[in-house]
There are 2 protein chains.
Amino acid sequence: MDAVRPFDVLDPACPSRSVLRHLTDRWTPLVVGVLAPGPARFGEIRDQVGGVTAKVLTQTLRSMERDGLVDRRALPTMPPRVDYELTPLGRTLVGPLDALRSWAERHAGEVLGARASYDAQDGAPG
Amino acid sequence: MDAVRPFDVLDPACPSRSVLRHLTDRWTPLVVGVLAPGPARFGEIRDQVGGVTAKVLTQTLRSMERDGLVDRRALPTMPPRVDYELTPLGRTLVGPLDALRSWAERHAGEVLGARASYDAQDGAPG
DNA sequence: CAGTATCCCGTGCGATACTG
DNA sequence: CAGTATCGCACGGGATACTG
């Protein structure tokens with residue numbers, strides 16, 4: 001099974017680039033992180049992902065559903081209850097995305113420091 | 001000494017979120033991938049990263065330099081020659097980002113398929 | 001509770017022209 | 001060669017109000 005590299009993100013015309021782009025939009029990585037431990041309701045996700053609005057969260061989840069990353073299960077009860085769960089495909093994303101998230105958390109201090117010293121010498125007044 | 005979890009991307013006010021945001025902008029992952037094997041000149045990067053313009057590539061590289069991810073070495077020759085290289089900090093990003101890139105390339109087909117079947121039933125005419 | 005509908009805006013990004 | 005300057009816009013994303 002050699003699968004001769006049909007996809008290449010460095011090629012602007014390659015669909016894999018838009019896939020990568022989608023994985024790295026504002027909320028997808030956070031939603032994947034929240035759904036990683038198991039299914040969650042819409043409100044739980046919104047509660048955990050600080051700062052997201054219902055509209056944008058819906059857009060994100062729809063888009064993830066469309067791409068086969070999450071399953072959406074709507075219970076026709078009143079009030080409604082909707083559960084979201086990572087698909088097997090979505091679960092394969094948890095590792096990579098979690099690595100990125102933990103990188104950001106672990107190295108945020110260094111990045112902030114680098115930024116400060118860059119600004120101190122390059123944007124120096126005078 | 002409780003330095004436990006000083007950073008949390010789920011917190012909208014946490015700086016780690018903006019760091020994550022930066023890591024996942026349009027060109028940073030691709031540039032890191034190109035610089036992973038070793039230093040490269042500006043033109044080489046531009047040549048490899050399909051579709052990027054000089055202006056935006058400069059912005060990306062400056063921003064990465066500011067955040068301590070790349071070193072920029074400009075030779076005062078004529079014509080000028082500028083080499084970019086990942087810093088030790090930047091090198092720690094290669095793994096996580098490469099995982100994401102290879103995920104996109106490996107699963108692009110599945111995502112495209114999921115998209116097609118979603119559109120076929122949900123956006124079905126009639 | 002889990003969305004939709006509507007209006008609105010910042011900015012990331014692109015095209016083009018120019019320069020040391 | 002490696003940028004910078006300028007202009008402009010699509011679009012991702014946000015605030016608010018409303019609904020089944």
Side-chain angles (χ1 to χ4, degrees), chain A residues 9-13 17-32 34-35 39-67 70-85 122-123, chain B residues 9-13 17-32 34-35 39-67 70-85 122-123:
Chain A
V9 293
L10 293 181
D11 175 2
R17 182 176 285 191
S18 69
V19 171
L20 178 61
R21 189 68 174 129
H22 179 205
L23 298 183
T24 57
D25 70 5
R26 192 169 190 72
W27 304 107
T28 299
L30 304 181
V31 169
V32 169
V34 166
L35 289 179
R41 302 182 56 175
F42 183 86
E44 292 172 339
I45 303 172
R46 173 166 56 176
D47 185 54
Q48 289 198 49
V49 179
V52 72
T53 64
K55 182 195 129 188
V56 171
L57 181 56
T58 299
Q59 284 176 358
T60 301
L61 287 166
R62 284 280 191 282
S63 166
M64 292 174 70
E65 187 194 4
R66 187 168 102 105
D67 284 3
V70 300
D71 265 343
R72 176 179 183 274
R73 194 117 32 109
L75 285 302
T77 58
M78 188 59 183
R81 170 190 177 112
V82 182
D83 288 279
Y84 290 92
E85 183 178 10
D122 191 51
Chain B
V9 292
L10 294 181
D11 176 0
R17 181 175 286 191
S18 69
V19 171
L20 178 61
R21 190 69 173 128
H22 179 206
L23 299 183
T24 58
D25 70 6
R26 191 169 192 72
W27 304 107
T28 299
L30 304 180
V31 169
V32 169
V34 166
L35 290 180
R41 301 181 57 175
F42 183 87
E44 294 173 338
I45 303 173
R46 174 166 56 176
D47 186 54
Q48 289 198 50
V49 178
V52 72
T53 63
K55 182 195 129 189
V56 172
L57 181 56
T58 299
Q59 284 176 356
T60 301
L61 288 166
R62 285 280 192 281
S63 166
M64 292 174 70
E65 188 194 3
R66 187 168 100 106
D67 284 3
V70 300
D71 266 343
R72 176 179 184 274
R73 194 113 37 108
L75 286 301
T77 59
M78 189 57 184
R81 170 190 177 113
V82 182
D83 288 279
Y84 290 92
E85 184 176 12
D122 191 50

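Proteins come first, then strands; the chains are lettered A, B, ... in the order of their sequence lines, and each starts at number 1.
To the nearest angstrom, C1' of C:dG12 lies 18 Å from CZ of B:R62. For the pair A:R73 CZ and C:dA2 C1', the computed distance is 17 Å after rounding to whole Å. One can place NZ of B:K55 at 8 Å from C1' of C:dG12, the figure rounded to the nearest angstrom. Between the CD atom of B:Q59 and the C1' atom of C:dG12 there is a distance of 8 Å, rounded to whole Å. Distance, A:D83 CG to C:dA2 P: 8 Å, rounded to whole Å. Between A:D47 atom CG and C:dC1 atom P the separation is 11 Å, expressed in whole Å. Look at CG on A:D25: it is 11 Å from P on D:dG14, rounded to the nearest Å. The separation between A:W27 atom CH2 and D:dG12 atom C1' is 12 Å, rounded to whole Å.
Out of C:dA2, C:dG20, D:dG3, the shortest distance to the side chain of B:Y84 is found at D:dG3. Closest to the B:R26 side chain, of the nucleotides C:dC13, C:dT4, C:dC1, is C:dC13. The side chain of A:V56 approaches D:dG14 more closely than any other nucleotide in the set D:dG20, D:dG14, D:dA2. Considering only the side chain of A:F42, C:dG3 comes nearest among C:dG3, D:dG14, D:dG3.
Mapping A:V52 and B:P79 onto DNA chain D via the closest heavy atom, the residue that lands nearer the 5' end is B:P79. Annotation: of the two residues near DNA chain D, B:R81 and A:T60, the 5′-most nearest-nucleotide partner is B:R81.
Of the candidates A:V52, A:L30, A:D47, B:L10 forms a side-chain contact (heavy atoms from CB on, under 4.5 Å) with just one, namely A:L30. If you run side-chain contact (heavy atoms from CB on, under 4.5 Å) between A:R46 and each of A:T53, A:L57, A:V31, A:V34, only A:L57 comes through. Checking each of A:E44, A:E85, A:R73 against A:P39 for a side-chain contact (heavy atoms from CB on, under 4.5 Å) leaves exactly one that passes, namely A:E85.
By the 4.5 Å heavy-atom criterion applied to side chains, A:T60 and A:T28 are counted as neighbours. Annotation: side chain of A:Q59 is in contact with side chain of A:K55 (closest heavy-atom distance under 4.5 Å).
Taking 4.0 angstrom as the limit, B:R41 places none of its side-chain polar atoms (N or O) nearer than this to OP1 or OP2 of D:dG3. Residue B:R46 places none of its side-chain N or O atoms closer than 4.0 Å to OP1 or OP2 of D:dG3. Put simply, A:R21 has a side-chain N or O that comes within less than 4.0 Å of OP1 or OP2 on C:dC13.
Taken to the nearest 0.5 Å, the CG atom of B:D71 stands 11.0 Å off from the CE atom of B:M64.
In DNA chain D, stems built from 3 or more consecutive Watson-Crick or G-U wobble pairs, each with both distances under 3.5 Å, span C:1-20 with D:1-20.
Scanning for salt bridge (charged side-chain N to carboxylate O under 4.0 Å, His left out) contacts around B:D83 gives B:R81, with sequence neighbours left out.
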